[in-house]
Amino acid sequence: MQATATMFKNNIGGTVTESTSKEFFEKYNPADKNELLGKFPKSNQKDLDSAVSEAKKAFEVWRYTPAPKRAEVLYRAAEVTKDQKEELAKILTKETGKPIVEARGEIQEVIDTYLFFAGEGRRIYGLTGQSELLNKSIITIRQPIGICGLITAWNFPSAVPSWKVAPALISGNVVILKPSKDAPISGYRLIENLYKAGLPKGCASVLFGTGEFGDLIVRHPEIKVISLTGSVEVGKQIYETCGRMLKKCALELGGKNAIIALEDANQDLLLEGVLWGAFGTAGQRCTSTSRLIIQKSSWSDSFIEKLASAAKKLIIGNSLNEKTQVGPVITSSHRDSIHGFTERAIKEGGKLICGGKFLSGGEYDKGNFYEPTIISNIKPNMELACKEVFGPVLAVIPVSDSTEAIKVANNVEYGLSLSIYTKDINLAMKAANQFESGIVYINAPTIGAECGGATAFGGWKNTGNGTREGGVMALDTYTQYKTIYIDYSDKLQRAQID
Ligand code: UN1
């Protein structure tokens, strides 16, 4: 452990503020357990109350600031982020273990998200209706809701907060962010940079804490919207609380994503896609490919062998190294959990094709490294075919034809991202139509959604509650409608059924 660790403080409404709590948590680099990245307060109710009180004051001004003016902050935030891209990518890599090349991509996603929602500042369209009466108009506008509590995960500690912060702010809301305790610095910098971009005081706060603090945010009566990216288990608890309080709630939860490989697939493309989808970010994306549903064919067995030899060649190591393709997993207990899935899959009859071990020796001893793992002979009802692992473990499920493949792909509680590799356009479109998922890829892996663009990100079934991030649909979480009737006749008019 280092002698002097950076002590982080909360940023309440633009002011760096010491927590009233005397409890702290520590954050270490997952690639080097000796590197302490900082100490962070376990914030409490008092800290939250002061953030809420700043937010309430700021909301009264920000909500009436014209949206194109609000957009100017996001445009500038994109510039500030661009100027710091390399520094922010390095912080992100140290916090998460994500390879530096991927970290740069994530910072770019923040920039794209800001630019997209800044553009929305000139739209945020409502609707114009037709009145049943003479000389009467009806317009429906979107208005902000108030203070939004944003609770985010560690695996995309910059992009995911930006997906929430940008649509919330552009619509005139104010935000309180609790970044994950496993990657707290990136979220802190995100809020700090919004102030550098000219965000008025009070409009955003970032407070550190564990799950208990997240619960205080959810229960706070002045916080009117909750947006969570996290596990199904936490999502269910939060939804229940929000339900009782009639609070708006957006949930982005887990996934058990699959690539279907049909007999006519382009095998080279498929190989690259599966490798990237399954082992990119060490399998720790909610969109990661954790199942390969492969049609039995003359090449399916040899393809698995080729895939395994490519997986064995992936460069695993400290993610600050430009060449690293797979970094560590987030914590040692998470690595244990991943390994548990491997062991149980083998016990259930799965065949270990490659990987399945902790990496050790040299720099591997310092971090939580797990070998890219492929397990074949997996049947659709086995644990590895159904449960989210959130690590570099790919289940290979053989099937006979496309009908069975689609059925197996849908045979899980989640519905985030499904993909099909085929040259048959009819089959591809049939699958896209029948997939029970919020995102579909044709001839591309399950990861890589472009949330900075005009696209909706989110899932079906237990992946969420139907809300979306990215694209104009994200505004549905952060706005409420108001219908305004304008009667310009000179006498009282009554509708037919009033
Ligand atoms: C997540 O893992 O929570 O589509 C989000 C992707 C990324 C987002 C992943 N753009 O893989």
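One-based numbering along the sequence shown.
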Test side-chain hydrogen bond (donor to acceptor under 3.5 Å, both in side chains) on Asn381 and Asn411 and set out the steps.
CA-CA 8 Å; Asn381 290 325; Asn411 184 42; 3.3 Å; yes

Starting at OG of Ser402, measure out to CD1 of Ile260 and round the result to the nearest 0.5 Å.
8.0 Å

Measure the spacing between NZ of Lys178 and CZ of Phe213 and express it to the nearest 0.5 Å.
8.0 Å

Identify the two heavy atoms, one from Ile397 and one from Ala385, that lie closest to each other, and give their separation to 0.1 Å.
CD1-CB, 3.8 Å

side-chain contact (heavy atoms from CB on, under 4.5 Å) for Tyr441 and Ser417? Distances and angles first, verdict last.
CA-CA 8 Å; Tyr441 288 93; Ser417 184; 3.4 Å; yes

side-chain hydrogen bond (donor to acceptor under 3.5 Å, both in side chains) involving Lys236 - partner list, sequence neighbours excluded:
none

If you measure from CD on Gln143 to OH on Tyr481, what distance do you get to the nearest 0.5 Å?
12.5 Å

Using a strict threshold of under 4.0 Å (side-chain N to carboxylate O), is an ion pair present between Glu95 and Arg189?
no

From the list Val225, Asn173, Ile226, Ile145, side-chain contact (heavy atoms from CB on, under 4.5 Å) with Thr477 holds only for Val225

Any idea which heavy atoms bring Ala78 and Leu115 closest together, and the distance?
CB-CD2, 3.7 Å

Is Glu404 salt-bridged to Lys407, cutoff N-O under 4.0 Å?
no

Reported CG-to-NZ distance for the pair Leu384 and Lys256, which is rounded to 0.5 angstrom
5.0 Å

Counting only heavy atoms not in Lys181, do more than 12 fall under 6.0 Å of its NZ?
no

State, without any angle test, whether Asn368 and Ser332 hold a side-chain donor-acceptor pair at a distance under 3.5 Å.
no

Is Lys9 atom NZ crowded by more than 12 heavy atoms from other residues, nucleotides or ligands, each under 6.0 Å away?
no

Just say parallel, tilted or perpendicular for the rings of Tyr370 and His339, cut-offs at 30° and 60°.
perpendicular

Stepwise side-chain contact (heavy atoms from CB on, under 4.5 Å) test for Phe279 and Ile374
CA-CA 10 Å; Phe279 305 125; Ile374 300 174; 3.9 Å; yes

Donor on one side chain, acceptor on other, Ser43 and Asn10, under 3.5 Å
yes

Nearest 0.5 Å, please: how far is CD1 in Ile176 from SG in Cys148?
9.5 Å

Under a 4.5 Å cut-off applied to non-hydrogen side-chain atoms, are His334 and Ile338 in contact?
yes

Determine whether a donor-acceptor pair (N or O, by modelled atom type, separation under 3.5 Å) exists between the side chain of Asn29 and the backbone of Lys33.
no

State the CZ-CE distance between Arg344 and Met382, to the nearest 0.5 angstrom.
13.5 Å

Please check if atom CE in Met7 has more than 12 non-hydrogen atoms from other residues, nucleotides or ligands closer than 6.0 Å.
yes

Inspect the surroundings of NZ in Lys27 and state if more than 12 heavy atoms from other residues, nucleotides or ligands are less than 6.0 Å away.
yes

Classify the ring geometry between Phe8 and Phe208 as parallel (under 30°), tilted (30 to 60°) or perpendicular (over 60°).
perpendicular

Can you list the steps and then say if Asp47 with Ser19 is a side-chain hydrogen bond (donor to acceptor under 3.5 Å, both in side chains)?
CA-CA 6 Å; Asp47 302 327; Ser19 168; 2.6 Å; yes

Is it the case that more than 12 heavy atoms not belonging to Lys90 sit under 6.0 Å from its NZ atom?
no

Steps toward side-chain contact (heavy atoms from CB on, under 4.5 Å) verdict (Ile147, Lys56)
CA-CA 7 Å; Ile147 307 174; Lys56 268 179 87 173; 3.9 Å; yes

Aromatic Phe156 / basic Lys98 pairing, under 6.0 angstrom, 45° off normal
yes

Checking Lys164 against Ser227: is there a side-chain donor and acceptor pair closer than 3.5 Å?
yes

N-O pairing of Glu60 and Lys57 below 4.0 Å:
no

Just checking, any donor-acceptor pair under 3.5 angstrom between side chains of Trp163 and Glu109?
yes

Are more than 12 heavy atoms, taken from residues, nucleotides or ligands other than Lys387, located less than 6.0 Å from that residue's NZ atom?
no

Show your working on side-chain contact (heavy atoms from CB on, under 4.5 Å) between Val389 and Ser290 and close with a plain yes or no.
CA-CA 8 Å; Val389 179; Ser290 61; 5.7 Å; no

Do you know which two heavy atoms are closest between Ile378 and Ala345, and how far apart they sit?
CD1-CB, 4.3 Å

Under a 3.5 Å cutoff, is there a donor and acceptor pairing between the side chains of Thr446 and Ser419?
no

